[in-house]
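Everything on this sheet refers to the single structure shown next.
All chains are named by letter (A, B, ...) in the order of the sequence lines, taking the proteins before the strands, and each is independently numbered beginning at 1.
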Amino acid sequence: MNLSVNLCGLKLDNPIIPASGTFGYGNEFKDFYDINILGSFAFKGTTKEPRSGNPTPRIAECTNGLINSVGLQNPGIESVIKHELPLLRTFFHKPVIANISGFSIDEFIYCCEKVDKEPQVGLIEVNISCPNVKYGGMSFGTTADSAAQVTQAVKSVTTKPVFIKLSPNVTDIVAIAKACENAGADGICLINTLFGMRIDLNRRQPVIANKMGGFSGPAIFPIALRMVYQVSQACNIPIIGCGGISSAHDVIEMMMAGATAVQIGAMNLKNPYICKEIIEQLPEVMEKFGIENLNDIIGIAHQH
Amino acid sequence: MNLSVNLCGLKLDNPIIPASGTFGYGNEFKDFYDINILGSFAFKGTTKEPRSGNPTPRIAECTNGLINSVGLQNPGIESVIKHELPLLRTFFHKPVIANISGFSIDEFIYCCEKVDKEPQVGLIEVNISCPNVKYGGMSFGTTADSAAQVTQAVKSVTTKPVFIKLSPNVTDIVAIAKACENAGADGICLINTLFGMRIDLNRRQPVIANKMGGFSGPAIFPIALRMVYQVSQACNIPIIGCGGISSAHDVIEMMMAGATAVQIGAMNLKNPYICKEIIEQLPEVMEKFGIENLNDIIGIAHQH
Amino acid sequence: MFKKGLYTIVSNQPLTKTIYKMVLQGDTCYITAPGQFVEIEIPNKFLRRPISVCDYDKDSITLIYKVIGEGTSFMSTLLPNNTLDLLTGLGNGFNTDIPQKQPLLIGGGVGIPPLFSLAKQLTINKIQPTIIMGFNYADEIFYRKEFESLGCNVLISTLDGSVGTKGYVTDVIQNNQLTYDYFYACGPLPMLKVLCHTLPTEGQLSLEERMGCGFGACMGCSIETKSGMKRVCKEGPVFLKSDLKL
Amino acid sequence: MFKKGLYTIVSNQPLTKTIYKMVLQGDTCYITAPGQFVEIEIPNKFLRRPISVCDYDKDSITLIYKVIGEGTSFMSTLLPNNTLDLLTGLGNGFNTDIPQKQPLLIGGGVGIPPLFSLAKQLTINKIQPTIIMGFNYADEIFYRKEFESLGCNVLISTLDGSVGTKGYVTDVIQNNQLTYDYFYACGPLPMLKVLCHTLPTEGQLSLEERMGCGFGACMGCSIETKSGMKRVCKEGPVFLKSDLKL
Ligand SMILES: Cc1cc2nc3c(=O)[nH]c(=O)nc-3n(C[C@H](O)[C@H](O)[C@H](O)COP(=O)(O)OP(=O)(O)OC[C@H]3O[C@@H](n4cnc5c(N)ncnc54)[C@H](O)[C@@H]3O)c2cc1C
Ligand SMILES: Cc1cc2nc3c(=O)[nH]c(=O)nc-3n(C[C@H](O)[C@H](O)[C@H](O)COP(=O)(O)OP(=O)(O)OC[C@H]3O[C@@H](n4cnc5c(N)ncnc54)[C@H](O)[C@@H]3O)c2cc1C
Ligand SMILES: Cc1cc2nc3c(=O)[nH]c(=O)nc-3n(C[C@H](O)[C@H](O)[C@H](O)COP(=O)(O)O)c2cc1C
Ligand SMILES: Cc1cc2nc3c(=O)[nH]c(=O)nc-3n(C[C@H](O)[C@H](O)[C@H](O)COP(=O)(O)O)c2cc1C
Ligand code: FES
Ligand code: FES
């Protein structure tokens with residue numbers, strides 16, 4: 001049975017990748033299990049400057065999901081390179097995915113130049129979709145032009161594979177993905193969180209201090225799956241499927257829609273062992289559905 | 001305790017309205033309960049010509065929701081006026097909401113002219129958002145211009161209040177709602193279904209014959225709530241809030257976000273008594289949260 | 001008329017490796033014809049699961065179901081005294097008020113259960129049907145004795161011929177040169193198609209579709225018939241052969 | 001280190017109209033300090049519920065919780081032998097290795113429970129703390145006897161003065177002219193703010209925040225302190241007064 005997949009030359013033992021923002025810099029999860037069993041993991045969205053994020057409350061519960069408005073809290077790229085990556089090296093021996101955000105093209109370039117020099121980084125994931133930041137984040141991901149601009153800029157400063165992570169809060173995800181492909185993206189990561197909100201009936205005001213935030217978790221799976229299917233039909237670069245995955249079954253469904261690998265976000269918070277459990281269950285579920293090699297099913301749902 | 005609300009002169013005993021497409025023309029539900037307890041109900045999306053809809057399977061299950069690709073199956077406006085409305089009159093004695101769809105501006109006009117003459121129709125809901133139809137439906141709802149065009153056209157042929165029902169599958173819901181308001185819409189209905197998909201792992205192909213369809217049910221509530229909040233902040237016309245409502249608690253949350261009335265869709269299919277149960281539970285839940293008059297809480301979450 | 005209610009499980013036991021028989025207690029006054037179905041609420045699943053009524057009396061319902069996915073797996077774990085939320089009285093059911101002397105009842109796999117209450121009703125109407133049951137393998141056979149105890153002639157086909165005729169239900173009909181003036185059928189779509197195209201008489205066929213509501217509200221289950229669009233859950237699941245476009 | 005496991009309910013009983021005490025059995029080896037908390041999985045809820053450890057020994061955990069919303073309501077319905085999925089060993093907990101002779105332990109409402117294992121630990125360390133407990137009304141008082149049986153001096157405030165000092169915990173401190181050289185506090189934010197600003201000594205305060213994970217992965221619970229952003233679930237929930245910006 002073959003579980004390994006290949007993301008633009010980055011060979012993963014299996015397609016399971018904890019999603020950015022739900023796995024910190026790996027440190028917390030090593031207390032639960034040996035994270036070397038993972039395909040890889042995407043570290044917390046990192047920016048040029050340190051960021052303290054949004055005011056609390058930053059978390060709201062939803063039916064089968066949650067809203068977060070963390071607002072890209074992170075120690076800044078220098079500190080990540082100086083402290084987090086060396087620490088990570090002591091317990092994670094695989095290439096990591098560097099998730100990068102920025103509020104201007106220059107900031108994206110700055111961060112990508114930095115991580116390009118880190119041998120630990122196997123792939124750069126450029127988040128142009130974080131909905132929590134008033135300027136920057138959201139806007140780059142909502143038009144094909146700006147998405148292409150960011151792509152082109154970061155591609156010019158790194159030789160590592162670059163995946164652009166898109167926002168689902170758009171009318172035409174295919175147009176944006178194609179613009180990224182045309183601008184040189186090596187792959188697309190779909191999807192970031194959906195814009196959502198909850199209100200506290202007692203206080204009669206939004207639960208989240210910032211009012212709205214990013215909604216994710218099992219509830220959004222059908223939307224993520226649809227976008228992966230649409231984009232994989234239109235583009236010829238690999239896709240990392242993300243959004244609502246909570247089981248080995250979901251992983252296979254996402255791969256049949258066209259994903260080469262998958263990311264698991266919100267579920268890590270509810271069940272810190274979820275990625276381990278899914279990796280363990282995959283062979284059994286593959287057998288049930290007559291799958292010998294995961295690569296055989298990537299995008300197979302398009303054949304009908 | 002006051003549960004009654006007012007939608008542009010249409011007085012509803014309570015804000016509970018079954019959503020279009022989940023309540024037929026009322027006929028099936030009268031076998032479960034006396035539907036005169038409802039605020040009103042929105043009948044199945046009706047077009048100029050009869051439509052047989054999409055091929056089956058048209059339904060796919062999701063976590064806390066479902067995908068449908070019914071594709072606006074309906075007997076056509078003449079037949080609705082000739083058969084459904086007279087039948088409805090025998091068991092429903094309140095004004096009904098006419099949900100109208102079209103594949104050209106002329107078709108919208110045609111249908112609205114027809115229902116304008118029907119005294120049973122208290123309000124016209126113009127669906128420019130149905131994602132199941134390849135041409136028409138989707139496109140009118142995805143740009144501010146086309147949404148405004150439809151609005152203007154239908155407003156010119158009816159004196160009944162016109163609510164435009166918007167698609168959530170857009171980058172900027174506020175821009176579209178404002179365009180409708182400026183074009184004369186009396187109100188906005190938010191939201192129709194989200195584009196979604198499921199794959200059958202056994203068959204390795206989409207569950208739905210048409211591949212994708214409209215995703216709705218409790219899973220989408222945080223997205224609907226966010227859009228109602230955003231639009232009610234930007235517009236000065238009443239909003240019918242719809243999307244994922246499954247309890248009296250959700251109704252109150254949706255009204256606090258800015259809805260004057262609410263629609264309940266998918267949950268009618270799971271529990272045919274849901275609207276009755278919510279109407280019965282509302283007074284108790286209002287009391288719990290210190291609400292004497294539902295009108296007092298419309299949009300109250302904006303005050304902070 | 002429909003009824004939504006909590007039904008209490010009286011028994012729930014396997015008939016074969018994958019097929020279970022469940023008897024539920026509760027009000028059945030809205031069940032009016034053999035071939036109707038119920039919609040079962042499954043915890044943590046959004047849609048109810050449609051299952052045909054295999055048998056019923058004034059306060060009990062018998063269901064026979066195959067374990068397919070999560071819903072039916074869950075059902076198979078239930079114990080006596082557990083309860084299920086059911087919608088009952090769904091669908092049109094078989095029409096037995098047809099001038100007929102010698103009907104065939106043809107069932108494939110889990111299409112067989114609704115034929116049981118149909119056979120019962122026909123026997124009450126003094127009509128003795130012949131039952132043809134198709135299975136893949138011998139270890140999948142169920143309810144043979146139950147049909148026989150109604151006094152019916154029961155013929156079986158298995159794919160490998162280990163029991164009864166080798167092949168399909170159509171092979172049973174051919175090999176036994178059966179005489180009949182009407183037929184009722186329920187089973188997989190390919191079987192129903194062949195029956196529609198090969199049997200000379202009129203008949204009634206019970207169809208399946210993925211359902212949203214099960215009671216006619218959502219148009220999720222509509223099929224095209226010769227007389228227009230019809231809802232499998234409301235105008236069906238039983239259709240006249242002459243009306244179907246299979 | 002953390003531990004995720006199934007814990008079996010030994011008892012679950014109301015202490016007051018809205019406050020329950022639950023004792024669970026299971027491995028507690030990852031609980032290393034008073035003031036740590038657990039995250040409880042609730043069926044059909046996405047997020048776990050954080051509850052402080054009130055007391056623990058080698059194989060049991062005592063929790064005291066107030067019924068607030070759906071999660072805690074569900075908990076209140078559980079019976080002995082039911083199980084709950086818990087993450088244990090979360091948070092830093094109170095540091096008792098502080099040179100102190102006479103600490104005050106100040107709790108408001110359901111902020112009181114974590115002070116119990118703290119008081120126990122201090123007693124073991126041969127330090128006799130004074131406990132100040134604030135309630136709204138007399139019928140909300142719980143755990144007075146339990147603290148007294150540790151040999152602690154327990155002082156109470158109620159809003160209406162029906163028991164103990166009328167007013168707030170701060171009124172208790174003033175009215176009784178207490179001498180102390182350190183304090184530990186847990187309770188509603190307004191109480192903690194006042195304590196920060198009025199008590200002259202250093203102290204430790206346990207905070208609450210809405211949490212995504214409870215173990216440091218999501219940054220959902222971060223607050224700004226004088227020494228930078230800190231996660232309530234990881235660097236907290238207990239913070240030094242001198243570090244807080246309340
Ligand atoms: C009118 C009618 C009567 C039926 N009677 C019986 C019966 O007596 N015995 C029996 O074993 N089965 C019967 N079926 C099929 C039965 O409904 C499905 O096997 C069952 O819904 C599968 O549910 P699941 O959760 O186990 O499978 P899953 O595959 O997990 O179900 C996923 C979704 O697909 C739907 N689905 C899957 N298979 C079917 C199907 N064949 N038809 C319709 N929807 C389906 C489910 O209802 C659910 O919404 C009947 C179907 C219909 C429409
Ligand atoms: C570190 C810590 C320790 C705690 N210890 C205790 C304790 O020992 N006893 C006790 O009664 N309560 C304690 N709480 C508060 C307790 O977590 C909440 O009362 C509980 O989560 C409410 O859940 P619910 O489903 O009943 O309410 P709901 O209002 O339905 O919960 C909705 C969401 O909001 C969150 N939430 C609601 N109130 C709070 C709150 N005050 N703090 C954090 N999240 C909240 C819930 O966890 C859930 O995610 C503690 C909170 C924290 C952060
Ligand atoms: C608490 C939290 C923080 C997140 N932070 C980031 C981030 O920093 N960068 C990013 O690209 N995505 C971030 N995301 C989005 C996730 O990586 C993922 O795309 C999204 O949550 C959808 O997947 P899920 O449904 O499995 O959670 C965050 C999500 C959550 C829940
Ligand atoms: C089966 C089905 C059919 C629908 N048909 C229509 C329709 O004809 N016209 C329309 O405007 N909306 C239609 N909708 C959308 C609903 O009216 C509603 O906007 C949407 O489902 C969101 O609400 P919910 O989450 O409560 O289901 C349909 C929804 C479902 C589930
Ligand atoms: S399933 Fe809803 S109409 Fe048949
Ligand atoms: S709750 Fe996730 S970091 Fe604290």
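The structure places CD of D:Glu39 at 10.5 Å from NZ of A:Lys270, a figure rounded to the nearest 0.5 Å. Within the model, atoms CG of A:Leu269 and CZ of D:Arg48 stand 10.5 Å from one another, a figure rounded to the nearest 0.5 Å. Distance check: D:Phe46 CZ to A:Ile67 CD1 gives 12.0 Å after rounding to the nearest 0.5 Å. Put simply, CG on A:Leu66 and CZ on D:Arg210 are 12.0 Å apart, with the number rounded to the nearest 0.5 Å. Interatomic distance, D:Cys218 SG to A:Arg58 CZ, rounded to the nearest 0.5 Å: 9.0 Å.
Interface remark: A:Thr22 contributes backbone atoms only to the contact with chain D (heavy atom separation under 4.5 Å). Of the atoms belonging to A:Tyr25, not a single heavy atom falls under 4.5 Å from chain D. At a 4.5 Å heavy-atom cutoff, the contact between D:Glu209 and chain A is made by side-chain atoms alone. Residue A:Asn202 does not touch chain D at all, counting heavy-atom pairs closer than 4.5 Å. Using a 4.5 Å cut-off between heavy atoms, D:Lys234 contacts chain A through its side chain alone, with no backbone atom that close. Neither the backbone nor the side chain of A:Ala219 comes within less than 4.5 Å of any heavy atom in chain D.
For D:Lys226, the NZ atom counts as densely surrounded, since its 6.0 Å shell holds more than 12 non-hydrogen atoms of other residues, nucleotides or ligands. In the displayed structure, D:Phe142 atom CZ is contacted under 6.0 Å by more than 12 heavy atoms of other residues, nucleotides or ligands. By the neighbour-count criterion of 12 heavy atoms within 6.0 Å, atom OH of D:Tyr137 is sparsely surrounded, having that number or fewer from other residues, nucleotides or ligands. Other residues, nucleotides and ligands place no more than 12 heavy atoms under 6.0 Å from the CD atom of D:Glu70. Within a 6.0 Å radius of NZ in D:Lys245, other residues, nucleotides and ligands contribute more than 12 heavy atoms.
Here the shortest heavy-atom pairing between A:Glu61 and D:Leu47 reads OE2-N, 2.7 Å. Across every non-hydrogen atom of A:Phe32 and D:Leu87, the tightest pair is CE2-CD2, 4.2 Å. Of all the heavy atoms in D:Gly216 and A:Glu28, the pair that sits closest is O-CD, 3.4 Å.
Comparing D:Gly228, D:Ala217, D:Cys213, D:Gly89 by how many heavy-atom pairs each has under 4.5 Å with chain A, the most go to D:Ala217. Residue with the most contacts toward chain D among A:Gly65, A:Pro57, A:Gly26, A:Gly21: A:Gly65 (heavy-atom pairs, distance under 4.5 Å).
The side chain to side chain contact (heavy atoms under 4.5 Å, CB included) test with D:Met219 is passed by exactly one of A:Val70, A:Asn74, A:Ile59: A:Val70.
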